[in-house]
Amino acid sequence: MIYNFKATEEKWQKKWEEAGVFNAQDNSDKKKFYALVEFPYPSGAGMHVGHIKAYSGLEVVSRKRRMQGYNVLFPIGFDAYGLPTENYAIKTGIHPRKVTDTNIENFTSQLKKVGFSFDWNRVVDTTQEDYYKWTQWIFLKMFEHNLVFRDKTLVNYCPSCKVVLSNEDSQGGKCDICHSDIVQKAKDVWYLRITEYADKLLEGLDKVDYLPNVRLQQENWIGKSTGAFVNFTVKDTQETLRIYTTRPDTLFGVTFMVMAPEHPMLDKYKDMISNFNEVEAYRTECAKKTEFERTQLVKEKTGVKLAGFVGINPVNNKEIPIFISDYVMMGYGTGAIMAVPAHDQRDYDFAKKFGVDIIEVIKGGDMSVEAYAGDGEMVNSDFLNGLTDKKSSIARMLEVLAERGIGEKGVQYKMKDWAFNRQRYWGEPIPIVHCPECGIVPVPYDELPLTLPTVENFEPGSDGESPLVKIESFVNCKCPKCGKDAKRETDTMPQWAGSSWYFLRYIDPHNTECFADKEKLSYWGPVDWYNGGMEHVTRHMIYSRFWHRFLYDIGEVPFDEPYAKRTAQGLILGPDGEKMSKSKGNVVNPNDVVDSFGADVLRTYVLFMGDYEKAAPWSENSVKGCKRFIDRVWNLQEIVVDGDEYSKKLETSFHKTIKKVSEDIENLKYNTAIAALMTLINEIYDAGSITKAELKTFVTLLNPFAPHITEEINSVMNFGGMLANGNWPEYDEAKCVDAEIEIAVQVNGKLKARINVPAEIEQAEAIAAAKENEAVKAMVDGKTVVKELYVKGRLVNIVVK
RNA sequence: GCCGAUGUGGCGGAAUAGGCAGACGCAAGGGACUUAAAAUCCCUCGCUGGCAACAGCGUACCGGUUCAAGUCCGGUCAUCGGCACCA
């Protein structure tokens, strides 16, 4: 009996859709379960097997939850704004709207072919007016609450994409999209004040269940450090030069200070600095370098000593030289540091090169070789002398700083404010008007959505200006405040905007009054389980947690953390073990697998191929192995016998497997869950027959992985109903153990024999039984037994001398 | 440099809480069925020695704790990921 997977899969996909079995119910007294997967960017290349793996995890959980009686929300949508579409549109002349629609259609049909149990009534598309209206609405709310500001700054600029990039999008000095070198450029930038939420984002991590490395990466990204601000004075002025340090305990070891070349105080005192021409020259040199070059560790320290501009250490009133150097950044702390060459390697390197004194204040290192960052007894430090514990030294110093009014405790974050505009066409217009009279004016809420105009030419301007600049009908408008002629902001939002709140829209996707109904939000929120890629845990997740937390603070959502649990799947590598990429030609197309082996095989394989959280290479042969398994499942029908109970032979195996599969699915151990089902099917074929009751249980357990073939068997066998809304099987803990078990017998810790004993055997009997064994006897006889151990259900160990 | 993870057969990977290492699958070899091939079914399959029963070795490397270590502890090496002149 050949299994016709193609016809069967199409048949059941249609039946599920007709019956609406995967539609989440808004008014239900069932317990809810909200499973979220990262919605795809609908690229022209179509879906990738990586998408299939990413969605299959929670797909299995969702199908299981429905059978366990939950009301499940498992939605999908499209994160469709973005550069690749725009670039493709520029190249081909096809409008991005059209490109996007085609791609979404393609993705939809691909997803449906795999049989995912998404609720297709709730699809969101970030580029639709009824969606981005609310993206703009949230932006305006942030504006209203002073979380949006504009600043002229040196920005990371990609000359190839002609676009300003955030620090996140330009890591390593390369453009995240096209990988060209980025340059520094002065631009007007819209910022979202995410730093204001740094502490809340950090504290929120205590309330959620994220994988440990996901949590750690977010903590590192936020990068909180605690230390102190200390006010140094500048000789012959009233000026305070404020610095930030994490080591206030080393204040007596300060022998110089360093300011960032861009520090604004330099210009104020240029008349006092007799070598200001040198300062200017150094600044010009630094401005040429990108942030990336400046942060290269390997290079030698450079800098200029300021002549006539001298600092005074506030704890001992010592005069100390001040330098400028690009190893100090304007963007972190105060843009100036106190330098302690004895205990900081960077300061040490600088001091050695520029011949500055090195004063040891913590014993334990060798000042002639390198800086010492360890613990030790304080010396040369006045009131700290003799203290040996870093914590108490810092505490004592903070007390003194406070008493004398020269400093205080402080915290700093590595995270920077979020550069929020792009000079691009295919994005949400920023709803702001520039009025010559009133300045920056937000578009009124009732004028939303501010529609992205349909244009013919979406090439960016020569100077990296937005293509929208050229659309006069869009740019020219009346000021909403005073009614005079004004101009619209022409920049659009970054791709991260639409994805920052999409999970909220799934809860109420067709609402025209608000982004989502409050009652529905309280029922469905928060997301119970969010799965996606590791590459999104810092940017996307931090951004969306920030937006969500903001909405919570202004009373728009009833729960503070959006995602209760977060997991991440590992990559699927090409058959060559390398990351899949077009250029390497090692990309596997899920369509091909569905066409030649079926969706059930594809789904089973991506979960069986290895540890779900780790990367694993694609193997066509292993896919065939899963195909064999699926065919063996189909052929179970040939050995089915009547019986509405588990058979004696297989009862224990069934209970064990139900338990194993149930637990493994909850712990991302899909590979061992499938392995358990394979083991069970081997046992069934060994036994020679399967009862109807057993077959029903088997297909139910396999259903979340291979839903089509199992529905078909369920239907052919007349088991009744649809598995999609069937019941998850139960197991009896007591029946998970065989009456007779095999235990190992060791002598001196070495395996000597295996014996069969009743499962409930006591220690004494087990040891006695072990001693009966010939091989064991031979080892034990004539020797002194020192110790006898029995580990229940596992082994006996006899120690002899 | 700092932080984190990982290291098990020819391959992907299993192994509860310190208790039989290698489940399950792939590949490989042998056999059955077949005119033949595919498919399917059966057997073997960590390494070394032996016809064999069996013996010795074996979870990156070195050492330790323990009756017992893939698992715990100390050290070393390698690979991957994140952060990085962050004061």
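In what follows, every chain begins at residue 1, and chains take the letters A, B, ... in the order their sequences are listed.
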**Request:** Give the intermediate values and the outcome of side chain to side chain donor-acceptor pair (under 3.5 Å) for residues N773(A) and R754(A).
**Result:** CA-CA 9 Å; N773(A) 183 280; R754(A) 293 188 170 100; over 6 Å; no
**Prompt:** Any donor-acceptor pair under 3.5 Å between the side chain of K301(A) and the base of rC85(B)?
**Reply:** yes
**Prompt:** Side-chain donor or acceptor of N797(A) under 3.5 Å from a matching atom on the base of rC67(B)?
**Reply:** yes
**Request:** For side chain to side chain donor-acceptor pair (under 3.5 Å), just list the numbers for D199(A) and Y413(A), CA-CA rounded to whole Å, side-chain angles, deciding distance to a tenth of an Å, and then say yes or no.
**Result:** CA-CA 9 Å; D199(A) 260 324; Y413(A) 302 92; 2.6 Å; yes
Base, sugar-phosphate alone, or nothing: which one does [X] contact when heavy atoms must sit under 4.0 Å apart?
X	answer
K669(A)	sugar-phosphate
N213(A)	nothing
A339(A)	nothing
D631(A)	nothing
N220(A)	nothing
G223(A)	nothing
L216(A)	sugar-phosphate
Y413(A)	nothing
K624(A)	nothing

**Request:** Look at the side-chain N and O atoms of R628(A) and state whether any lies under 4.0 Å from the OP1 or OP2 oxygen of rU40(B).
**Result:** yes
Please give the distance between the [atom1] atoms of [N] and [M] as a whole number of Å.
N	M	atom1	value
rA55(B)	rG19(B)	P	25 Å
rA5(B)	rG50(B)	P	45 Å
rA14(B)	rU59(B)	C1'	12 Å
rG74(B)	rG56(B)	P	32 Å
rG18(B)	rG12(B)	C1'	27 Å
rC86(B)	rC80(B)	C1'	25 Å
rC41(B)	rA53(B)	P	29 Å
rC72(B)	rU16(B)	P	12 Å

**Prompt:** Between OG of S653(A) and CG of N682(A), what distance do you get to the nearest 0.5 Å?
**Reply:** 11.0 Å
**Asked** After noting the C-alpha distance and the side-chain angles of N667(A) and Y612(A), does the key distance pass the side chain to side chain donor-acceptor pair (under 3.5 Å) rule?
**Response** CA-CA 10 Å; N667(A) 297 312; Y612(A) 189 68; over 6 Å; no
**Message:** Test side chain to side chain donor-acceptor pair (under 3.5 Å) on T672(A) and D664(A); report intermediate values, then the result.
**Reply:** CA-CA 7 Å; T672(A) 50; D664(A) 283 355; 2.8 Å; yes
**Request:** Assess whether side chain to side chain contact (heavy atoms under 4.5 Å, CB included) is satisfied between F350(A) and D344(A), documenting all intermediate values.
**Result:** CA-CA 10 Å; F350(A) 193 89; D344(A) 181 289; over 6 Å; no
**Asked** Among rC67(B), rU16(B), rC20(B), which is the nearest nucleotide to the side chain of R794(A)?
**Response** rU16(B)
**Request:** Would you sketch RNA chain B in dot-bracket for me? Only Watson-Crick or G-U wobble pairs with both distances under 3.5 Å count, crossing pairs as [ ], other-strand pairs as |, the rest as dots.
**Result:** (((((((..(((......[....))).(((((.......))))).((((....))))..(((((..]....))))))))))))....
**Prompt:** Just how far, in rounded Å, is C1' of rA15(B) from CG of N667(A)?
**Reply:** 15 Å
**Prompt:** Are side-chain heavy atoms of M338(A) and I320(A) found at a separation under 4.5 Å?
**Reply:** no
